[in-house]
Amino acid sequence: MEFQLVERPEGHLEYVPRPKPEALAAYYRDKYFGADHGQTPYAYGYTPEELEHKRLQPAETEHLWARPPGRMLEVGVGEGFSLDYFARRGWDAVGMDFTDDGLKAFFPTLADKLLLGDAFELLDQAIARGDQYDLVICNNVLEHVIDPMGLLKRLHVLIRPDGLVRIAVPNDNSWLQDEIVRRGHADPLFWVAAPDHLNYFNTDTLPKAMAATGWTVTDHLSEFPVDLFLLNPDTNYMRDRPMGRNCHFVRVAFEMGLWRERGIEGVVAFRRGCVQAGIGRNQVVYARATG
């Protein structure tokens with residue numbers, strides 16, 4: 001059966017047919033637990049500037065939180081840079097992830113703060129315990145799961161009345177991607193990345209998904225629009241994959257320079273502007289529970 005992209009009532013797109021949960025679990029187990037021969041997603045080393053750039057996301061979140069530390073949950077810890085950032089600043093921080101490969105590679109001392117397993121099962125256990133959090137971070141998880149709306153609803157139960165959630169997803173099915181295809185610089189639907197990505201949100205549809213699950217968006221940002229490089233044949237990393245790393249370094253250099261010269265306020269202002277234009281490779285919403 002050929003795949004289809006089906007528009008949900010909330011506006012975002014879903015990849016169908018959906019994989020069975022056990023098949024998806026096996027796929028990620030092979031991909032993320034396959035540490036044999038050094039072939040893991042974390043095998044590629046980072047430059048010193050890239051490591052410093054990893055601090056930008058939690059610094060943005062801390063700036064927009066603008067209150068004393070509290071209790072923080074991160075769903076999808078990855079390498080652990082955000083978990084480390086907030087733990088060092090006095091937060092009672094805990095994380096959830098399917099694997100501890102990334103955390104062990106960069107922050108092995110945080111192992112006691114990580115709950116391992118299926119995100120939905122771990123969230124259901126937290127709900128059953130009556131856990132509550134001031135800040136919940138969920139970066140680049142929503143696009144991967146079979147039931148994204150169910151995930152957002154679970155987070156709604158776990159957030160305190162005055163708490164804040166940060167949701168980050170790729171900005172896909174955007175007008176800029178359509179323009180890239182229209183000009184012949186990439187194949188149609190080049191942004192589809194199944195089975196890794198099962199759900200696709202752009203800057204119009206992500207707020208709708210949040211509203212449909214009981215969230216009020218308080219801020220909407222998107223990061224450097226690296227897709228712009230696809231409009232130039234000399235930097236089109238879809239046609240010449242090795243170019244992608246240098247394009248990434250341009251993004252890092254730009255954002256680090258902006259942070260240094262204009263502070264975190266300048267970074268946030270730039271990212272708000274990108275959302276208003278509907279561009280930016282990765283987008284972020286900050287939201288509070290409605291009611």
Side-chain angles (χ1 to χ4, degrees), residues 8-14 56-78 82-83 85-86 91 93-96 119-120 122-123 126-127 131-145 147-174 199-223 264-265 267-291:
R8 288 274 304 183
E10 301 84 12
H12 66 278
L13 301 179
E14 283 190 349
L56 181 53
Q57 175 266 302
E60 171 203 283
T61 302
E62 184 181 48
H63 173 71
L64 294 175
W65 172 255
R67 284 180 278 166
R71 195 173 189 212
M72 187 271 276
L73 169 66
E74 183 171 20
V75 181
V77 167
S82 291
L83 192 66
Y85 184 99
F86 285 101
W91 285 76
V94 64
M96 300 175 176
F120 287 84
L122 293 172
L123 290 171
I127 291 170
D131 291 354
Q132 291 275 276
Y133 298 93
D134 300 291
L135 175 65
V136 174
I137 295 173
C138 188
N139 291 332
N140 296 103
V141 173
L142 206 63
E143 66 271 23
H144 294 276
V145 300
D147 183 13
M149 308 303 279
L151 179 58
L152 291 174
K153 290 174 182 176
R154 285 168 170 82
L155 298 184
H156 193 282
V157 179
L158 291 169
I159 203 76
R160 285 179 172 151
D162 59 345
L164 188 69
V165 67
R166 182 192 206 265
I167 303 292
V169 296
N171 176 25
D172 281 323
N173 192 31
S174 70
N199 313 296
Y200 299 88
F201 305 84
N202 59 33
T203 55
D204 294 321
T205 60
L206 180 57
K208 294 177 182 177
M210 298 299 293
T213 49
W215 296 98
T216 298
V217 173
T218 60
D219 221 325
H220 193 180
L221 317 173
S222 60
E223 299 171 8
I264 196 65
E265 297 87 353
V267 174
V268 169
F270 171 76
R271 290 180 169 182
R272 284 174 177 154
C274 286
V275 159
Q276 291 176 5
I279 60 175
R281 186 65 199 98
N282 215 47
Q283 59 173 321
V284 178
V285 290
Y286 290 89
R288 301 192 186 279
T290 302

Summary of ring-ring contact (aromatic ring centres under 6.0 Å, His included) pairs that have at least one residue in residues 271-291, sequence neighbours excluded: none
Modelled atom types, side-chain donor and acceptor of Arg288 and Thr218, under 3.5 Å: no
Heavy-atom closest pair, residues Thr203 and Pro207: O-CD, 3.4 Å
Candidate pair Met149 and Asp147, rule side chain to side chain contact (heavy atoms under 4.5 Å, CB included), full reasoning: CA-CA 6 Å; Met149 308 303 279; Asp147 183 13; 4.2 Å; yes
Student check: side-chain heavy atoms of Lys208 and His12 closer than 4.5 Å: no
Can you give each donor-acceptor pair under 3.5 Å made by side-chain atoms of residues 69-76, sequence neighbours left out, with the distance rounded to 0.1 Å?
{"from": "Arg71", "atom 1": "NH1", "to": "Gln132", "atom 2": "O", "distance (Å)": "3.3"}
{"from": "Glu74", "atom 1": "OE1", "to": "Leu83", "atom 2": "N", "distance (Å)": "3.4"}

Side-chain donor or acceptor of Thr290 paired with backbone N/O of Gly214 under 3.5 Å: yes
Spacing of Leu135 atom CG and Leu164 atom CG [to the nearest 0.5 Å]: 6.0 Å
Note, Thr61 side chain near Phe86 side chain (heavy atom, < 4.5 Å): yes
Heavy-atom donor-acceptor pair, Asn199 side chain to Leu142 backbone, under 3.5 Å: yes
Rounded distance (nearest 0.5 Å) linking atom CG of Asp134 with atom CZ of Arg160: 4.5 Å
Residues Val169, Asn282; criterion side chain to side chain contact (heavy atoms under 4.5 Å, CB included); working and verdict: CA-CA 6 Å; Val169 296; Asn282 215 47; 5.6 Å; no
Nearest heavy-atom neighbours spanning Asp131 and Leu158: O-CD2, 3.4 Å
Parallel, tilted or perpendicular: ring planes of His156 versus Trp215, cut at 30 and 60 degrees: perpendicular
Leu152 and Met210, any side-chain heavy atoms less than 4.5 Å apart: yes
Minimum side-chain heavy-atom gap Leu56-Ile264 below 4.5 Å: yes
Minimum side-chain heavy-atom gap Arg272-His220 below 4.5 Å: no
Heavy-atom side-chain proximity of Phe270 to Leu221 below 4.5 angstrom: no
Note, Ile167 side chain near Val284 side chain (heavy atom, < 4.5 Å): no
Straight-line distance of Ile127 CD1 to Arg154 CZ, nearest 0.5 Å: 6.5 Å
Check: Glu10/Thr205 side-chain N/O donor and acceptor closer than 3.5 Å: no
Arg281 side chain vs Asn171 backbone, donor-acceptor pair below 3.5 Å: yes
Arg67 and Asp162 ion-paired at < 4.0 Å: yes
Ser222 side chain to Ile279 backbone, donor-acceptor under 3.5 Å: yes
Steps toward side chain to side chain contact (heavy atoms under 4.5 Å, CB included) verdict (Cys138, Leu155): CA-CA 9 Å; Cys138 188; Leu155 298 184; 4.3 Å; yes
Val145 side chain near Phe120 side chain, heavy-atom distance below 4.5 Å: yes
Main-chain N/O of Pro68 paired with Trp65 side-chain donor or acceptor, under 3.5 Å: yes
Contacts of Ala211 that satisfy side chain to side chain contact (heavy atoms under 4.5 Å, CB included) - sequence neighbours left out: none
Distance-only side-chain donor-acceptor flag, Glu62 / Tyr85, under 3.5 Å: yes
Steps toward side chain to side chain contact (heavy atoms under 4.5 Å, CB included) verdict (Ser82, Gln57): CA-CA 8 Å; Ser82 291; Gln57 175 266 302; 2.4 Å; yes
Polar side chain donor-acceptor pair, Asn202 to Asp172, under 3.5 angstrom: no
Test item: Gln283 side-chain N/O and Phe201 main-chain N/O as donor-acceptor pair under 3.5 Å: yes
